[in-house]
Visitor: 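One structure coming up, written as structure tokens, with questions to follow.
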Amino acid sequence: MSSTRTTVRTAGVAVRAMLVLTLVLGVGYTLVVTGIGQLLLPWQANGSPLADDRGSALIGQSFASTELSTGTADGEALPEYFQSRPSAAGDGYDGAASSGSNLGPENADLIAAIEERKATIAEREGVSPAAVPADAVTASGSGLDPHISVAYALLQVPRVAAARDLDEGTVRRLVESRIQGRDLGFLGEERINVAELNLALDEREGE
């Protein structure tokens, strides 16, 4: 009988501890962290949304009229927008299917895709294939990178300026104003968020 009481008492303590910990850690902690995030960093806590519900600053997006599911081509580029790098995530920049192509540098399919992209971009931008930056023809490891190199952005300035009937210098200055520095001053490379740049272009024309 004593053993039964001990077992019941132990089970009751375990259940009460589980309920208390569930309330404190499962509910209380979540509410506190959410509240702190909404109070101190509301933009980041809500997914870093762009203006006019145009996606998130953290996830890249396509600025082409069509997108092939393999990520080996980017469809027909919209000439008035800066183009993102290729994406191998799902149908392209699919946040639910983050992935790279997992193809090695000597893979025949990857080499062929890179050469095809390089030729397409060179023709579109009116430059030689040798002038096309590496990030313009290769997908990121996550397939969701929202950034391109400064070199790739500047390469696109003449086309975007012509499509929008703007002075090249104006567009170039807008690009330069959007350059993000290296993390902590020394990690990574300078880069530009393509969606934010295109949004700034649209807002400028709407003024």
Side-chain angles (χ1 to χ4, degrees), residues 17-64 67 71 74 77-78 80-102 133-136 138-157 160 164 170-207:
M18 180 190 70
L19 292 174
V20 170
L21 290 174
T22 297
L23 288 173
V24 173
L25 300 179
V27 178
Y29 174 78
T30 302
L31 291 175
V32 169
V33 171
T34 300
I36 292 174
Q38 292 295 331
L39 181 64
L40 301 180
L41 301 167
W43 184 71
Q44 291 88 339
N46 289 303
S48 304
L50 296 170
D52 301 327
D53 295 323
R54 292 177 64 168
S56 168
L58 301 176
I59 299 178
Q61 53 186 280
S62 172
F63 293 93
E67 185 80 3
D74 303 301
L78 297 173
E80 69 273 23
Y81 287 108
F82 285 88
Q83 297 299 302
S84 306
R85 64 188 305 179
S87 171
D91 291 334
Y93 292 109
D94 182 356
S98 174
S99 68
S101 67
N102 294 326
D135 65 298
T138 54
S140 66
S142 67
L144 304 176
D145 190 350
H147 302 100
I148 59 174
S149 65
V150 177
Y152 187 30
L154 292 177
L155 184 74
Q156 302 181 62
V157 165
V160 173
R164 292 177 178 261
T170 300
V171 178
R172 180 180 294 272
R173 285 190 293 275
L174 184 60
V175 168
E176 292 172 344
S177 72
R178 291 283 163 174
I179 295 176
Q180 299 176 11
R182 295 176 173 85
D183 294 331
L184 301 179
F186 66 95
L187 294 176
E189 299 293 334
E190 293 184 331
R191 60 204 182 278
I192 292 175
N193 188 300
V194 187
E196 290 181 345
L197 175 59
N198 284 329
L199 180 60
L201 272 170
D202 286 346
E203 290 176 344
R204 185 191 183 286
E205 288 198 337
E207 292 177 352

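Only a predicted model underlies this, so the values are computations on that prediction, with no experimental measurement involved. Residues take their numbers from the sequence shown, with the count starting at 1.
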Visitor: Identify the two heavy atoms, one from G47 and one from L58, that lie closest to each other, and give their separation to 0.1 Å.
Guide: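 Minimum heavy-atom separation between G47 and L58: O-CD1, 4.4 Å.
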Visitor: Shortest non-hydrogen contact from A153 to V175?
Guide: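 Looking at all heavy atoms of both residues, the closest pair is CB-CG1, 3.9 Å.
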Visitor: Could you go through the side chain to side chain contact (heavy atoms under 4.5 Å, CB included) check for N193 and H147 one step at a time?
Guide: CA-CA 4 Å; N193 188 300; H147 302 100; 3.9 Å; yes
Visitor: Can a donor-acceptor pair be found, under 3.5 Å and without considering hydrogens, that links the side chain of D135 to the backbone of S149?
Guide: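 At least one qualifying donor-acceptor pair exists.
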Visitor: How many angstroms lie between atom CG of D145 and atom OH of Y93, to the nearest 0.5 angstrom?
Guide: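 Output value for this atom pair is 7.0 Å.
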Visitor: Would a distance-only check, ignoring hydrogens and angles, find a side-chain to backbone donor-acceptor pair under 3.5 Å from S142 to S98?
Guide: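 No.
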Visitor: If you measure from CE on M18 to CG on L23, what distance do you get to the nearest 0.5 Å?
Guide: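 Answer rounded to 0.5 Å: 10.0 Å.
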Visitor: Do side-chain atoms of S87 reach the backbone of G143 as a donor and acceptor pair under 3.5 angstrom?
Guide: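 Looks like yes, one N/O pair under 3.5 Å.
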Visitor: List the atom of R191, the atom of G181, and the distance in Å for their closest heavy-atom pair.
Guide: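 R191 and G181 have their closest heavy atoms at NH1-O, 2.8 Å.
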Visitor: State, to 0.1 Å, how close G26 and T30 come at their nearest heavy-atom pair, and which atoms those are.
Guide: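 Reported closest heavy-atom pair: O-OG1, 2.9 Å.
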Visitor: Compare every heavy atom of E196 with every heavy atom of A57, then report the nearest pair and how far apart it is.
Guide: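 Taking A57 first and E196 second, the nearest heavy atoms are CB-OE2, 3.4 Å.
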Visitor: Does T170 reach the side chain of R204, with side-chain heavy atoms less than 4.5 Å apart?
Guide: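 They are in contact (side-chain heavy atoms under 4.5 Å apart), so the answer is yes.
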Visitor: Do Y152 and Q83 have side chains that approach each other closer than 4.5 Å (heavy atoms only, starting at C-beta)?
Guide: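 With C-beta onward as the side chain, the pair touches.
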Visitor: So which heavy atom on A88 is nearest to which on A139, and how close?
Guide: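 So the minimum-distance heavy-atom pair works out to N-CB, 4.0 Å.
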Visitor: Given 3.5 Å as the limit, does a donor-acceptor pair link the side chain of S177 with the main chain of L174, or not?
Guide: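 Side chain of S177 to backbone of L174: a pair is present.
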Visitor: Are the side chains of L201 and F82 in touch, meaning some heavy atoms are under 4.5 Å apart?
Guide: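 Yes, side chains in contact.
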Visitor: With a 4.5 Å limit on heavy-atom distance, are the side chains of V150 and E176 in contact?
Guide: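 They are not in side-chain contact.
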Visitor: Would you say the side-chain atoms of N198 and E80 include a donor-acceptor pair closer than 3.5 Å?
Guide: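 Their side chains do not contain a donor-acceptor pair, so the 3.5 Å distance test is not met.
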Visitor: Does any part of the side chain of I148, heavy atoms only, come nearer than 4.5 Å to the side chain of Q156, both counted from C-beta?
Guide: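 Q156 reaches I148 side chain to side chain.
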Visitor: If you define the side chain from C-beta out and look only at heavy atoms, does anything of E190 sit under 4.5 Å from Q180?
Guide: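 With C-beta onward as the side chain, the pair stays apart.
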Visitor: Run the numbers on D202 and R54 for salt bridge (charged side-chain N to carboxylate O under 4.0 Å, His left out), then give the verdict.
Guide: CA-CA 12 Å; D202 286 346; R54 292 177 64 168; 2.9 Å; yes
